[in-house]
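Lettering follows sequence order; numbering is per chain, from 1.
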Amino acid sequence: MKFASSYEAGEYETDIYAAWESSGAFKPKKSKHFTQEGQLSPVDHTYSIVMPPPNANGNLHIGHGLTVAIEDSLIRYHRLLQDETWYIPGADHAGFETWVVYERNLEKQGHSRFEYSRDELYQNVWDFVAEQRGNMELQLRALGASCSWDDLTFTLDDKVVKRVYQTFEKMWKDGFIYRGEKLVNYCPKHQTAFADIEVEHKDEKGKLWDIAYKVIGSDQEIIVSTTRPETLFGDTAVAVNPSDERYTAIIGQSVKLPLTDREIPIIADEHADPAYGTGAVKITPAHDYDDFEVGNRHDLERIRVINDEGKMENVPDAYLGLTTEECRKKVLKDLDAQGLLRGEKKIVHSVAHCYKCGTVIEPTLKEQWFIDVEKLAGLAIRHLKKGEIKFYPENKGKVLINYLEGLKDWNISRQIPWGIPIPMFKKNPENTDENAPEWIYDTRVDEQTIEVDGVTYFRDEDTFDTWFSSSHWPIVCTNWQEGKDNPFYPLNVMETGADILFAWVARMIMMGIYVTGEVPFKEVYLHGLVLDSHGQKMSKSKGNVLNPLDLVEKYGSDAFRLGILRGRSAGLNQAFSEDSVKTGRNLCNKLWNISRFIQSLVDEDNQHILNGNKTNEGLSEDDKGFSPVNSQQSPVQATTKNYRSSEDRLNVVNSTSARRTPIKESPSLVSYATNSMGEDWICREINNARTNLMAQMRDYRFSEAVENLQSLIWDKYADWFIESQKMYKNIPLLKKTLENILVLLHPFAPFVTETIWQNLSWTEGMIINHPWPEELEYDPISAENFDRLRAAISEIRRTYQDIPGNKKYGIIFGDDSLIDDNQVLVQRLTGAPSVIAASGNPKGIRIALAGREIYLDVDEKTVKDYSNALDERILAVGRELDALNARMMNPNYVDKAPAHLVKETQDAIKEKETLINRLKKERELIA
RNA sequence: GGUUCCUUAGCUCAGUUGGCUAGAGCGCACGAUUCACAUUCGUGAGGUCACAGGUUCAAGCCCUGUAGGAACCACCA
């Protein structure tokens, strides 16, 4: 296969993905089907992640793109480490979200949900979703998600329902669940209740009205302030603060409720704030959370005046059936007519809205199923405080505990058909048998009535809150079973958006501990929102939405993944722009061209072999011939080649590795040896990048990992190593190092690395499950010498730029073995017309590096032109020297700082002094 | 009111247990260019690390305070 001159991602990605998938690489190796029934022997290294299930009915958005980029990189990294990885994909029935879409369709067709039974509706939505499903799965593939598709879990799968019912039954028996008539967040449009977390509070302009209530048996009146005059029909008291002296005299008396014949008491309660409004407040226990509490304290009657459709009920005939809005107008008008409306004030207050349709949430008295959260959260808090889960970013652990400590009981009933039916049946109200329980648990939810012990029970028509079932996600996806070892539970990490810390992560933790006794995951990595390039939230209305799949199509999957990981850290909402995807694309292309070039060198080399010429490939270390570069090397370097024993090397691998056990020794197909400074240097750099990468992966520092690799591949491998190899080629080392680099980058750029791997002539198998590279062996002194050579070359280049006239001059070197031994390389990398040894005293501009005798062959006039640059240089070195001297002048520093730092400072001073003295001497000669 | 976070280059952000001259990407300026790559190569300019104190031999990092900004939770009759 021939490498094209640029990497066109779109030409390869689909095939590569298909090849991975059909090879079985995505499945956990040793336990392909870890079923509910089967139990597998535990294995040493497992690594499991469950994907936060995207909406089965929807398209992926940029946040999913980030999720996959992070999770798949982790999974692929651990797969390369030869862990048994399991990336479990999912699809969410997205109860309410999907229901809203479906109901909207239904309305468009002129139908209403009330025309159908729950079972019919459920079936209809199921078909509706089935039609749409598959879209998001294709998109996950395009992003390169290497998940085990056979194990895809849908949130309405039987195993999910079964598990949810088991838990519900356990909770019911344990007394964690109760049926209660409480105020719930009710959306009159969708006609369902919500959990507190699903309600959005928004600041809104409103009005505060003052209404006079006449005190019975006197001509006094009490003025209450309210934003909701229409609920006065549900008032069952007026409250004043017990310490409020204005009202102490009338506490215990009654007032006449305006527009009605009812009398209600004046009560004393702390809830009334003397400083707010008139200090007196009407109490409507059936339609206000605070009032509900007040009502409980004073045993007040609860009168519901707004029905499920948001219309007035239990009110005088004139108001019956009005919407709340109509009723408010009429009440105000009628009060005004009676002279009871005493004031009107504009205020801004926070109002709860349905997060989906924006309708004002009506706190409504309803019988619902609740979870006693104190019990559930208490367990979770204890585990969290013991630090059993590590959070990234760390502070989210504290935030979560704070949330759990204040959490109120959780309403888990929803009045929508699309969801898991609540498996509870209510006794026929006409049955007066007192021995029969009011409610019974039964999973025959397909039947509307059941008979137990001769008693008829009716099905509860509600379904579970989505979060109730999704809180079981780690349990169901890993097929956790009581009493059976499961190497995949707890998960290694839960990766998801910081925005659902409370809604989802908190509930998974609570439920995981409750069901299994163990935390469901050991670590939590939370990502922030992906904002647009100006730091604005992406939204359709702003028109700044970036579609991940568009970017994949335009730049490639790898480019997208690299681009979205760069510049991003845990928990923060951060900007994202197409530019960073372009950078990713450029890196892929760079790597492609590096590989293309190396392959061409390999092909050339093979041609030589065919022609009967010698090559150093495949020779053992002992009989390794020296490539031409050796004759150029200094005697010093040649004698410092002193490789560690293989035992030492193994120790290095162990000590620098972030893993608990040594990586499996896996003999490379390519045997290699280093023959030059540049070669030793690149081995050292690859080893360093590898070690850093392992630490970065352990700590979830993806952005740093990507930068680390980019710097290795581009700034080091391409710009220095490959360039130096254009002189003297070490084919086995080129092969070996390229392989290592490809493997290191694979977790982040799976497609391009695999495509290259498949295109290279000598590689075997697939890179996706290639073993993680071992450390390369090299000569550290030789590697350091290359650093010196690089510094010299950079300084020469810089000096060329500093000399006016934009011209390159010949290089003359004095007694400088580094340059002497690398003349050809120096000439090539600086672009100098010549590099020659000095005869006699060299003249011209001397390169401003201590320890080097390098001159540029320029005439006297050019030397003078350079004097300004030289002056600046002298000043700069002087400043550095001053800073170092100041440090050494401090006796405390010498005393207390670590010895190696002091030594380093002393050495640096010596070097700077030498250099500055030399530069000053040169400057004098010019003047 | 409670909790948490942020303030570092023109922009978006790194900066680990305090330790050499504070980094990256993008952008900008100057220069290069047949021979892997213009999705290229080389060089450079940009920083009082929000401010004020403190601890320390040493502070972007730790402590206290101030200013500005953000998110979430609760409440708002």
How close or far is atom [atom2] of [N] from atom [atom1] of [X], stated in whole angstroms?
X	N	atom1	atom2	value
A/Glu795	B/G42	CD	C1'	14 Å
A/Glu293	B/C75	CD	C1'	13 Å
A/Asn708	B/A14	CG	P	17 Å
A/Asn589	B/C41	CG	C1'	14 Å
A/Arg828	B/G42	CZ	C1'	14 Å
A/Asn806	B/U43	CG	P	15 Å
A/Asp273	B/G1	CG	P	14 Å
A/Arg790	B/G42	CZ	P	11 Å

Separation of the [atom1] atoms in [N] and [M], to the nearest angstrom:
N	M	atom1	result
B/A50	B/G60	C1'	12 Å
B/G19	B/A58	C1'	7 Å
B/U48	B/A22	C1'	13 Å
B/G42	B/C35	P	14 Å
B/A9	B/G23	C1'	10 Å
B/G53	B/A45	C1'	35 Å
B/C26	B/U21	C1'	24 Å
B/U39	B/U3	C1'	47 Å

Exercise. Checking A/Ser595 side chain against A/Ile756 main chain: does a donor-acceptor pair fall under 3.5 Å?
Worked result: no

[X] vs [N]: side-chain N/O to OP1/OP2 distance below 4.0 Å:
X	N	answer
A/Trp714	B/C41	yes
A/Arg566	B/G25	no
A/Arg887	B/U21	yes

Exercise. Would a 4.5 Å heavy-atom cut-off, applied to side chains only, mark A/Trp720 and A/Glu685 as touching?
Worked result: no

Exercise. Are any of the side-chain heavy atoms of A/Ile222 and A/Val240 separated by less than 4.5 Å?
Worked result: yes

Exercise. Is a salt bridge present between A/Glu523 and A/Arg698, judged by a nitrogen-to-oxygen distance below 4.0 Å?
Worked result: no

Please tell me whether [X] and [Y] have a donor and an acceptor in their side chains that are separated by less than 3.5 angstrom.
X	Y	answer
A/Glu872	A/Asn868	no
A/Gln696	A/Asn708	yes
A/Tyr800	A/Thr830	no
A/Arg246	A/Asn241	no

For this session: Starting at the 5' end of nucleotides 2-13 of chain B, put B wherever the base has a protein heavy atom under 4.0 Å, S where only the sugar-phosphate does, and a dash everywhere else.
Result: -SSS------SS

Can you tell which of [options] lies closest to the side chain of [X]?
X	options	result
A/Arg596	B/A14, B/A36, B/G42	B/A36
A/Lys590	B/C37, B/U43, B/C75	B/C37
A/Thr583	B/G25, B/A36, B/G42	B/G25

Exercise. What do you reckon, is NZ of A/Lys910 surrounded by more than 12 foreign heavy atoms closer than 6.0 Å?
Worked result: no

Base, sugar-phosphate, or nothing for [X], non-hydrogen atoms under 4.0 angstrom?
X	value
A/Ser580	nothing
A/Phe502	sugar-phosphate
A/Lys912	base
A/Ile722	base
A/Tyr276	base
A/Glu200	nothing

For this session: List the steps, then state whether side chain to side chain contact (heavy atoms under 4.5 Å, CB included) holds for A/Ile62 with A/Ile564.
Result: CA-CA 9 Å; A/Ile62 197 91; A/Ile564 201 160; 3.9 Å; yes

Would you mind pulling out the nucleotide paired to [N], Watson-Crick or G-U wobble, both distances under 3.5 Å?
N	value
B/G25	B/C11
B/C57	B/G19
B/C37	none
B/U3	B/A71
B/C30	B/G42
B/U66	B/A50

Exercise. Mapping A/Lys726 and A/Ala280 onto RNA chain B by nearest heavy atom, which one lands closer to the 5' end?
Worked result: A/Lys726

Problem set entry | 5′-ward residue of the pair A/Asp802/A/Leu884 relative to RNA chain B | A/Leu884

For nucleotides 53-57 of chain B, print each protein N/O atom paired with a nucleotide N/O atom at under 3.5 Å, atom names and distance only.
{"unit_1": "B/C57", "atom_1": "OP1", "unit_2": "A/Lys896", "atom_2": "NZ", "d": "2.2"}
{"unit_1": "B/C57", "atom_1": "O2'", "unit_2": "A/Asn890", "atom_2": "ND2", "d": "2.7"}

Exercise. Between the base of B/U21 and the side chain of A/Arg879, is there a donor-acceptor distance below 3.5 Å?
Worked result: no

Exercise. Is a donor-acceptor pair below 3.5 Å formed from side chain A/Gln696 to base B/A14, judging by atom type as modelled?
Worked result: no

Exercise. Taking the inter-plane angle between the rings of A/Tyr403 and A/Phe502 on a 0 to 90° scale, is it parallel (under 30°), tilted (30 to 60°) or perpendicular (over 60°)?
Worked result: parallel

Exercise. What orientation do A/Phe702 and A/Tyr525 show, parallel under 30°, tilted 30 to 60°, or perpendicular over 60°?
Worked result: perpendicular

Exercise. With a cut-off of under 6.0 Å to the ring centre and 45° to the axis, is A/Lys408 in cation-pi contact with A/Tyr289?
Worked result: yes

Exercise. Does B/G46 adopt a syn or an anti glycosidic conformation, taking syn as a chi angle within 90° of 0?
Worked result: syn

